[in-house]
Amino acid sequence: MATEVKVPQDLWQDDGMEAVITNWLASDGATVRKGALIAEIMVEKSQFEITAPADGKLTITKQVDDIVRKGDVIGQIT
Amino acid sequence: MLDLALADALAWEAGRLADIAAGRCASSALLWSCEPALVAPSNLGRLPGFARASAQATSDGWPVHLRSTGGDLVPQGPGIVNLSLMWSAPQETAPSIEEAFRRLTAPICGALSSIGLTSSLAPVPDAFCDGRFNVAVAGRKFAGTAQRWRPTGGGYAIHAHAMMLMRTPDDAAIRALNRFYRDCGINRTIRASAHIGLQDVVQRNGTSVSQHHFLSALADRVQA
């Protein structure tokens with residue numbers, strides 16, 4: 001079963017505000033451990049660390065510099 | 001307030017955020033100042049012209065450092081005082097990014113108010129590292145703010161940072177910023193007139209408040 005890697009839903013208040021993926025710290029296809037830092041997004045001059053929500057193989061679905069919103073899926077772990 | 005080497009200040013911030021994330025301490029605050037430098041968020045380091053721009057800035061007397069918080073390029077130096085504020089927030093009571101900015105800026109605005117100065121949170125066009133949560137005085141940027149958030153399993157470790165202008169940036173600092181952007185191929189122009197340092201505010205108002213008064217008032221509010 002796949003576990004989605006998501007931008008947190010409650011990180012910021014303004015629903016219209018967008019974030020940008022600034023860094024993937026794990027490669028597409030890499031094996032990751034739950035809790036490991038795998039990506040960073042930036043919104044409103046705030047850098048937010050995205051950690052792996054599960055153990056498994058990472059599939060990246062949004063790339064560096066892609067624009068994302070609250071709750072968006074940026075990858076999957078299987 | 002501590003005078004630190006910039007590299008040591010950035011290392012202190014990283015270490016303390018790790019301590020908070022690991023539960024070794026609940027919160028921390030530091031007022032610090034450092035030598036002249038340019039500080040960029042880490043994502044700027046990926047720009048094709050970054051290495052060349054950094055080499056040029058360094059040869060002009062502005063060594064370039066990368067930081068972990070978001071935002072854009074800023075100068076550092078003796079005319080700037082930084083407030084690094086960090087705390088842990090359980091998931092159920094975690095603030096939003098906007099609320100965290102307000103927690104960071106409230107003591108700054110309060111300290112300004114205590115010395116008779118009115119401030120607001122606002123963007124300032126043509127200021128460096130512009131954003132909605134600048135602390136502005138007389139429509140000019142007095143302080144810039146940025147954050148880094150780290151999930152901790154049960155919540156977040158939050159690092160909120162403000163850089164406050166004790167002196168209005170001089171032409172050399174503004175030239176260094178604009179040269180760096182140009183060398184990176186970024187079409188952005190920073191103007192000195194978009195900023196205001198505490199000394200200039202005080203002179204304009206004809207008051208006799210010192211930097212020491214402001215920083216003491218700020219320290220009292222951060223510790224409260």
Original post:
Is a donor on one side and an acceptor on the other found under 3.5 Å between the side chain of K45(A) and the backbone of T145(B)?
Top reply: yes
Original post:
Under 6.0 Å from the CZ atom of R69(A), do we count more than 12 heavy atoms belonging to anything else shown?
Top reply: yes
Original post:
In Å and rounded to the nearest 0.5 Å, what is the OG to NE2 distance from S46(A) to H161(B)?
Top reply: 13.0 Å
**OP:** Could you please spell out the steps behind the side-chain contact (heavy atoms from CB on, under 4.5 Å) verdict for E99(B) and Q13(A)?
**Re:** CA-CA 9 Å; E99(B) 288 165 339; Q13(A) 295 170 333; 3.2 Å; yes
**OP:** Looking only at non-hydrogen atoms, find the nearest pair between Y156(B) and P8(A) and report the distance.
**Re:** OH-CB, 4.3 Å
Subject >> Shortest non-hydrogen contact from S96(B) toward W12(A) >> reply: CB-CA, 4.2 Å
**OP:** Given side-chain contact (heavy atoms from CB on, under 4.5 Å), test T51(A) with R150(B) step by step and report yes or no.
**Re:** CA-CA 9 Å; T51(A) 53; R150(B) 176 168 299 164; over 6 Å; no
Original post:
Where is the tightest heavy-atom contact between D65(A) and R46(B), given as atom of each residue plus distance?
Top reply: OD1-NH2, 3.6 Å
**OP:** Decide side-chain contact (heavy atoms from CB on, under 4.5 Å) for E49(A) and W149(B); before the verdict, give the C-alpha distance in whole Å, the side-chain angles of both, and the deciding distance to 0.1 Å.
**Re:** CA-CA 6 Å; E49(A) 299 179 1; W149(B) 286 53; over 6 Å; no
Subject >> Between CE on residue M42(A) and CG on residue D72(B), distance to nearest 0.5 Å >> reply: 7.5 Å
**OP:** Before giving the answer on side-chain contact (heavy atoms from CB on, under 4.5 Å), spell out for Q47(A) and Q147(B) the whole-Å C-alpha distance, their side-chain angles and the decisive distance to 0.1 Å.
**Re:** CA-CA 6 Å; Q47(A) 196 79 11; Q147(B) 299 180 40; over 6 Å; no
Original post:
Can you say whether V64(A) sits under 4.5 Å from chain B via the side chain, the backbone, both, or neither, judging by heavy atoms?
Top reply: side chain
Original post:
Looking at CG of L44(B) and OG1 of T22(A), how far apart are the two atoms once the value is rounded to the nearest 0.5 Å?
Top reply: 10.5 Å
Original post:
Would you call L11(A) and I97(B) a side-chain contact if the rule is heavy atoms closer than 4.5 Å?
Top reply: yes
Original post:
chain A heavy atoms under 4.5 Å from S42(B): which part of the residue, side chain, backbone, both or neither?
Top reply: side chain
Subject >> Contact class of D14(A) relative to chain B, heavy atoms under 4.5 angstrom >> reply: both
**OP:** For each of A94(B), S68(B), C129(B), tally heavy-atom pairs with chain A at distances under 4.5 Å, and name the one with the top tally.
**Re:** C129(B)
